[in-house]
Amino acid sequence: MRTVASIALDATCYGMTLFMISVGLSVMMGLMRIVNLAHGAFAMIGGYIASYASVSLGLNYAIAIPLAALCTILVALPLEVVLYRRLYANSDALTQLLLTIGITFLIIGVANYVFGPTLKKIPLPASLSGPFDIGFRMLPTHRIFVLACGCATALALWLLLERTEFGIRVRAAVDNAGMAEALGIRTSRIYLATFCIAVGLAAFGGVVGAELLPIEPYYALRYMVIFLVVVSAGGAGSIAGAFLASMLLGLADTTGKYLMPEFGEFFFYSAVILIVAIFPNGLLGREH
Amino acid sequence: MRKFAVSLTAFAACLFAGTAMAADPIRVGIVGTMSGPYALFGQNFKRGIDAWVAQNGNKVGDIPVEFIYRDEEAPNPAKSRALAQELIVKEKVQYLAGFYFTPNALAVAPLLGESKTPLIVMNAATSAIVEKSPYIVRTSFTMWQNTKPAALVAKERGAKKVAIAVSDYGPGLDAEAAFKGTFEAAGGTVVEAIRMPLATTDFSPIMQRIKDSGADTVFTFLPSGPPTLGFVKAFIDNGLKASGVKLMSTGDVVTEPDLPNIGDAGIGILSTYHYAVSHDSPENKAFIDQFVKDGGKFDEIAMTSVAAYDGARLIYKMIEATKGQRDPDAAIAAVKSMSWVSPRGPVSIDPETRHIRQNVYLRELVKVDGKLLNKEIQTFEAQPDWALSKK
């Protein structure tokens with residue numbers, strides 16, 4: 001019983017990490033209808049900035065995170081204005097893939113050249129490192145932090161998209177851009193804002209998830225499959241879907257690793273296949 | 001016209017003499033993890049070789065030696081094989097060296113006989129590698145070599161039930177077999193043997209499994225790099241250390257560059273290894289001084305630099321013995337039974353296995369003057385590769 005509870009807890013923590021690093025992509029794919037393969041690259045930029053801020057500038061973790069998100073948005077803004085903007089109207093899938101994978105390679109090259117090929121560490125403050133006693137077992141303190149971040153992000157996003165004026169405009173702009181514009185909604189601004197949110201979330205997730213997915217130049221490619229899998233299993237654009245998918249995949253992976261570690265990723269991908277076979281649009285995805 | 005022809009001939013003669021005077025350099029191809037998560041260890045290959053060249057010059061006699069580096073990046077046999085082919089065919093290297101990962105070294109072994117190229121393995125630690133070609137010499141270590149003492153120490157220190165957790169690839173399986181064989185022969189029990197996929201990043205479920213097995217000691221091996229740090233942190237953060245479970249490992253898991261990240265919680269971890277940066281000897285001091293003088297950071301010294309430093313010594317010896325000619329048999333014969341004092345301690349090349357014999361030290365993670373280090377507390381002298389040699 002204790003073991004089961006323990007595994008469930010580990011699975012929740014792992015699932016939450018998956019959610020944190022993928023939710024930005026879910027926003028981008030679902031709301032902007034852009035298959036952004038450069039999501040991992042944005043997460044990586046966030047990680048590099050956080051690492052630079054905390055290692056070289058000696059800034060606090062609590063400052064490094066928002067700083068990383070902010071700077072990543074600033075880096076990504078020109079890309080939106082020059083490149084991404086052209087994709088919104090003409091969303092041919094192949095064009096999107098070629099453009100965003102190109103951006104990914106560019107960012108990998110620049111990161112390699114500027115920061116070197118090594119792993120970048122994001123040191124945790126003393127209050128977030130080490131074990132934390134939760135009664136029946138010890139848990140890494142940072143996992144609890146990720147858990148809290150994940151819940152807060154999910155809640156904030158849901159409120160933003162479902163309960164605010166901005167959310168209504170976003171949904172209107174996505175569903176029928178022409179009609180929304182005719183009604184006086186400035187869709188280009190809405191898209192820009194949503195893009196910034198998605199990129200900021202990518203950077204946030206990259207930094208917070210760095211304990212499990214360490215930051216290095218090939219991060220953007222190495223973990224791309226994980227991001228895409230979580231989003232497509234959850235249903236693009238559905239925050240709740242991404243959340244649910246992360247939890248299920250986390251559970252499959254963690255349980256599999258406990259029962260049969262030598263099977264590796266087998267359980268993770270079996271769960272993906274199963275979910276996508278039963279729900280072709282993802283768990284909570286809408287039909288296109 | 002005749003005058004012109006004469007001067008042209010004279011000019012050509014000068015050119016010819018010029019090239020004949022400066023001998024063509026002997027090229028040595030180094031394949032190491034120069035980028036990616038394991039970059040630290042590939043860069044240590046280069047630093048070790050640079051240290052050797054700085055101390056001994058870039059010529060053997062009057063033959064210049066040139067080192068050419070290639071990036072193996074990750075366990076990727078196909079890529080390493082292509083790199084080695086390129087080095088042999090295009091760059092015309094006379095020697096190959098380096099190789100962080102076992103699968104990469106194994107992929108290159110079939111090329112050696114045909115191209116008559118000796119290979120000096122500077123890390124990859126699966127015993128069987130040296131058996132794949134008579135032209136392979138190894139200056140690093142093997143899992144059997146470092147693990148057998150670990151099992152003996154565990155038994156001696158009262159471990160009864162051990163859980164083994166190793167990375168699921170060549171060296172991991174070697175480590176598992178070595179520990180299990182030795183520990184059970186000494187009368188201990190192995191209650192759990194977990195093989196973790198190389199790509200594992202979340203070790204929580206593994207820790208739970210170890211906890212449930214009721215083991216009093218964990219023995220582990222993972223290739224040095226991000227996973228080892230993840231494992232040790234998971235061991236501490238999931239409360240295994242606090243509940244009194246002992247961690248026993250080879251030194252791969254507690255490399256010096258990782259110690260600051262493991263932190264004070266790691267104090268007391270025991271490991272067996274062939275090299276500690278803190279090794280107290282004039283040779284090691286000279287090596288480290290050179291390493292730092294060339295721009296290396298003290299906190300980034302890893303075992304691969306010493307293996308490369310000693311590897312460069314072998315390469316120089318081989319070039320000297322063959323006078324710069326491509327003669328792998330003579331080159332290998334020249335280094336068999338060679339013995340010297342390395343920064344890690346006294347070592348020799350076993351003539352039977354072409355693997356290095358060396359002291360293996362039991363080390364304890366301690367804090368001295370605010371710095372964490374692996375302190376050598378016991379020496380197992382002149383250990384061979386226990387899979388290939390019986391004594």
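Since the structure is predicted, the reported quantities are computational estimates derived from the model, not experimental observations. Chain identifiers are assigned alphabetically (A, B, ...) following the order of the sequence lines, protein sequences preceding nucleic acid strands; residue numbering begins at 1 within each chain.
The contact between A/Glu216 and chain B is made entirely by side chain atoms (from C-beta outward), counting heavy-atom distances below 4.5 Å. With a 4.5 angstrom heavy-atom cutoff, B/Ala165 does not touch chain A via any of its atoms. The part of B/Lys233 that comes within reach of chain A is its side chain, from C-beta onward, which places non-hydrogen atoms under 4.5 angstrom from that chain. Looking at B/Met34, only its backbone comes within 4.5 Å of chain A, counting heavy atoms on both sides. If you measure heavy-atom distances from B/Asp212 to chain A, the contacts under 4.5 Å come from the side chain alone. Contact annotation for A/Lys120: neither backbone nor side-chain heavy atoms come within less than 4.5 Å of a heavy atom of chain B. For a residue to count as touching a neighbouring chain, one of its non-hydrogen atoms must lie under 4.5 Å from one of that chain's; by this rule B/Asp202 touches chain A with backbone and side chain alike.
The nearest pair of heavy atoms linking B/Ser35 to A/Tyr218 is OG-CE1, 4.0 Å. When all heavy atoms of A/Asp10 and B/Pro205 are compared, the pair lying nearest together is OD2-N, 4.2 Å. The two residues A/Leu212 and B/Thr201 come nearest to each other via the heavy atoms O-CB, 3.0 Å.
Between the CG atom of B/Leu240 and the CE atom of A/Met138 there is a distance of 10.0 Å, given to the nearest 0.5 Å. Here the CD atom belonging to B/Gln208 is positioned 9.0 Å from the CZ atom belonging to A/Arg2, to the nearest 0.5 angstrom. Atom CD of A/Glu211 sits about 8.0 Å away from atom CG of B/Asp237, to the nearest 0.5 Å. Rounding to the nearest 0.5 Å places NZ of B/Lys211 at 5.0 Å from CZ of A/Arg137. In this structure, the separation between CZ on B/Arg209 and CE on A/Met260 is 8.5 Å, given to the nearest 0.5 Å.
Residues A/Pro261 and B/Ile206 are in side-chain contact: their nearest non-hydrogen atoms beyond the backbone lie under 4.5 Å apart. A 4.5 Å side-chain heavy-atom check between A/Pro131 and B/Lys241 finds every atom pair outside the cut-off.
Heavy-atom contacts from other residues, nucleotides or ligands closer than 6.0 Å to CZ of A/Phe132 number 12 or fewer. Atom OH of A/Tyr52 has 12 or fewer neighbouring heavy atoms from other residues, nucleotides or ligands inside a 6.0 Å radius. The neighbour count for A/Phe266 CZ, taken as heavy atoms of other residues, nucleotides or ligands under 6.0 Å away, does not exceed 12.
Among A/Pro214, A/Ser6, A/Ser129, the residue making the largest number of heavy-atom pairs under 4.5 Å with chain B is A/Ser6.
Taking the side-chain hydrogen bond (donor to acceptor under 3.5 Å, both in side chains) definition, one finds that B/Asn374 meets it with B/Glu256, sequence neighbours left out.
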